[in-house]
Amino acid sequence: MNMTIEQAGLMLADPLAYADEPRLHEGLTLLRREAPVHLVEAPEYTPFYAVTRHADIMRVERDNALWLSAPRPVLGKKAFEEHARQQAAQGVQLKTLVHMDDPDHRVVRAIGADWFRPKAMRAMESRIQELARRYVDRMADYGGECDFATQVAVHYPLYVILSLLGLPESDFPRMLKLTQELFGGADAETRRGDTAEDQFAVLLDFFAYFQQLTAARRAHPTEDLASAIANAQVDGKPLNDVETASYYVIIASAGHDTTSSTVAGGLHALIEHPDQLARLREDPGLLPLAVDEMIRWVTPVKEFMRTASADTTLNGVDIRAGESVLLSYPSANRDEEVFADPFTFDAGRDPNRHLAFGFGVHYCLGAALARMELKALFAELLPRLESVELAGRPEWTATTFVGGIKHLPIRYKLR
Ligand code: HEM
């Protein structure tokens, strides 16, 4: 059935639309071609402009004085945004890097930045390889059949990130549940409840956990990232409770579902493209390129938003101060102006100027870590994987924000 531009636009505010990727991409392709900056007026949402072309998204992200993150960083229902405003007035507020603009953003980003530079990441490499081996060994224990998404992909990146923060392994299951509740809030399988209050309760649980952690690391600093955050000084003062907890929240959550969706989606892409799997096995030197192609292919972050600080024009469309744009990364990453055969999974794609990590001052802080994790897992898995096939139908998360494959039943033989 053909779709109209209006219907295509409405999909961007519909979590279920993201669980049906062929249809989603039909809509995004239509928008890129016919209405690349398109006003979406969806019930329950404040109107926004959907920006679907690669070049326009870069234009917005490059000009961070004109396009602000703070007023409306991600898409949320009006009721949620209203509740957030009320809570903020009482001092309960998530204020992470993605909610900030300069000058605060620059200062707060610098606190964590050293921990995520490629050099620091190389120091983490052996720990990450050890975790990758642990999970491939676990696949061997499962005896040739598993749900790769829930039994492998979901755990491995969380363990990496929580190890980096320095949390005890006994707390990992609790963090897993909370990150899924926070980011999978639109999916009936993971959400805690339907209301804005339910979603805020998840945030408050996060805050409570991390407040205790801050107190512990201030009393007894260690060498981990949690200590760096707890003891960081801005203008000679430590971060306050909300700022510290927000830092943990962004790292524990942004570092998790994103990478796990890419791990699952990456293996799915290789199963669906056996020629590319064979190519990668023959030439493991292609793995770094293949990892970026997996990230482009999956694009686990579906959107971030920006709000105009002054009246402006974007690709011929007038936008007034205070109005918001939604940056559609899945669309940018299939833009036929930028990618040759964008709907082909090409394990050796080079160049690959995908925008899955965003662009500009908010460019993903964990990009080097995410690449290293993906490389370590597939470097461990592929040489041991004699055969792999689907053992059932994969399922995708219903979300408008972060997600991908949530169930990937596979049958395999490991060496
Ligand atoms: C920001 C994607 C993994 C931490 C972002 C942004 C995107 C993104 C699209 C926003 C960029 C923008 O607004 O221009 C991804 C993808 C990942 C991934 C696709 C995995 C494949 C990670 C990991 C971490 C992480 C492993 C580690 C902790 C962050 C942080 C920010 C961020 C802290 C906020 C940066 C800022 O606002 O300055 N990520 N991410 N991400 N990501 Fe990632």
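Both ligands and their constituent atoms are indexed starting at 1 by order of listing.
- Protein residues having a heavy atom under 4.0 Å from any atom of ligand 1 are Glu61, Leu97, Val98, His105, Arg109, Phe116, Ile161, Ile250, Ile251, Ala254, Gly255, Thr258, Thr259, Thr262, Pro300, Val301, Phe304, Arg306, Tyr329, Ala356, Phe357, Gly358, Phe359, Val361, His362, Cys364, Leu365, Gly366, Ala370, listed by chain and number.
- Under the 3.5 Å distance criterion, the side-chain polar atoms of His268 are left unmatched by any main-chain donor or acceptor of Ala264.
- A donor-acceptor pair under 3.5 Å is absent between the side-chain atoms of Asp335 and the main chain of Arg53, judged by distance alone.
- Salt-bridge formation is detected for the pair Arg296/Glu293: a Lys NZ or Arg NE/NH1/NH2 atom is positioned less than 4.0 Å from an Asp or Glu carboxylate oxygen.
- Taking the six-membered ring where the residue is Trp, the centroids of Phe401 and Phe304 are separated by under 6.0 Å.
- At a threshold of 4.5 Å between non-hydrogen side-chain atoms, the residues Met294 and Phe378 count as touching.
- You'll find the ring centres of Trp67 and His362 outside the 6.0 Å limit.
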